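Accompanying notes for the structure given below.
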Amino acid sequence: MVYVLLGNGFEEMEALVPVDVLRRCGVVVRLAGVGGRQIEGAHGITVVADCTVDEIDHGRLQMIVIPGGLGGVKSIGESAAALAAIRRANAEGRFVAAICAGPTVLAKLGITDGRTVTSYPGTEAQMGRCSYRSDVPVVVDGRLITSRGPATALEFGLTLARTLCTAKQVDQVAVGMLAR
């Protein structure tokens, strides 16, 4: 199961495009709200989360995803429950993924140290001791997946799907979405 963390002010494209792609591929995805279930995005789109971060089923968690959006990233970074869920996912060898400003939360936890990552332009100084890539839309370093921003949300979603699904499944979805 994939959990996408949502804090008030999350970037809607970066959260919902990957969710859509993953669900089209047959992956079970749950939106986990920080501070409640009704979460407002950065552009006024309100989403009702499936659960709160306190309700994450760590036994079924395969991947945890952190979208960007400065408000959402701030909410996640200030939530003890969200940070604990991210730490636990990483410690247990689950996939940890983040896009835009989301990777700064991972850097705060030391998860990006010694790894190759990307993030939104201008956040490089907040990324810790990592090898930083600004020339690609998505970076995969083992079980750590990072991406740049709203325009890379589709490629990010397809990359997340490739880690959990067969190439045939992902290719069929990509063709159906006119992404290939």
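On a predicted model such as this, the values are computed, not experimentally measured, just so you know. Residue numbers run from 1 in the order of the sequence given.
- By the 6.0 Å contact criterion, CG on Leu83 is enclosed, its count of non-hydrogen atoms from other residues, nucleotides or ligands being greater than 12.
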Residues 87-94 side chain polar contacts: donor-acceptor under 3.5 Å, at least two apart:
| unit_1 | atom_1 | unit_2 | atom_2 | d |
| --- | --- | --- | --- | --- |
| Arg88 | NE | Glu92 | OE2 | 2.9 |
| Arg94 | NE | Leu61 | O | 3.0 |

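- Judged by distance alone, with hydrogens and angles left aside, the side-chain atoms of Arg148 form a donor-acceptor pair with the main-chain N or O of Ser119 at under 3.5 Å.
- Contact between Cys100 and Gly68 at its shortest, heavy atoms only, is CB-CA, 3.9 Å.
- Thr112 places no side-chain N or O within 3.5 Å of a backbone atom of Gly128 that could act as its donor or acceptor partner.
- Rounded to the nearest 0.5 Å, atoms CG (Leu160) and CD (Gln62) are 12.0 Å apart.
- For the atom pair Thr159 OG1 and Ile145 CD1, the distance stands at 7.0 Å (nearest 0.5 Å).
- Hydrophobic cluster of Tyr120: no remaining members, since no ILVMFWY side chain lies below 4.5 Å from it.
- Here Asp171 pairs with nothing under the salt bridge (charged side-chain N to carboxylate O under 4.0 Å, His left out) rule; sequence neighbours left out.
- Residues Ser79 and Val34 meet the side-chain proximity criterion, which asks for heavy atoms closer than 4.5 Å.
- Partners of His58 according to the side chain to side chain donor-acceptor pair (under 3.5 Å) rule, which considers only residues two or more places apart in sequence or in another chain, do not exist here.
- Open room surrounds CD on Gln38; 12 or fewer heavy atoms of other groups in view lie less than 6.0 Å from it.
- Val105 is not listed as a side-chain neighbour of Leu5, based on a closest heavy-atom distance of 4.5 Å or more.
- Rounded to the nearest 0.5 Å, atoms CD (Glu40) and CG (Leu6) are 12.5 Å apart.
- Judged as a salt bridge (charged side-chain N to carboxylate O under 4.0 Å, His left out), and not counting sequence neighbours, Glu124 has no contacts.
- For the atom pair NZ of Lys108 and OG1 of Thr104, the computed distance is 8.5 Å after rounding to the nearest 0.5 Å.
- One distance of note links CD1 of Ile56 with OH of Tyr3; it measures 6.5 Å at 0.5 Å rounding.
- Between the Arg23 side chain and the Val29 main chain, a donor and an acceptor come within less than 3.5 Å of each other.
- Remark: Arg37 engages Glu55 in a side chain to side chain donor-acceptor pair (under 3.5 Å) (not counting sequence neighbours).
- With no hydrogens or angles considered, a side-chain donor-acceptor pair links Ser147 and Thr152 at under 3.5 Å.
- Distance check: Arg143 CZ to Arg115 CZ gives 10.5 Å after rounding to the nearest 0.5 Å.
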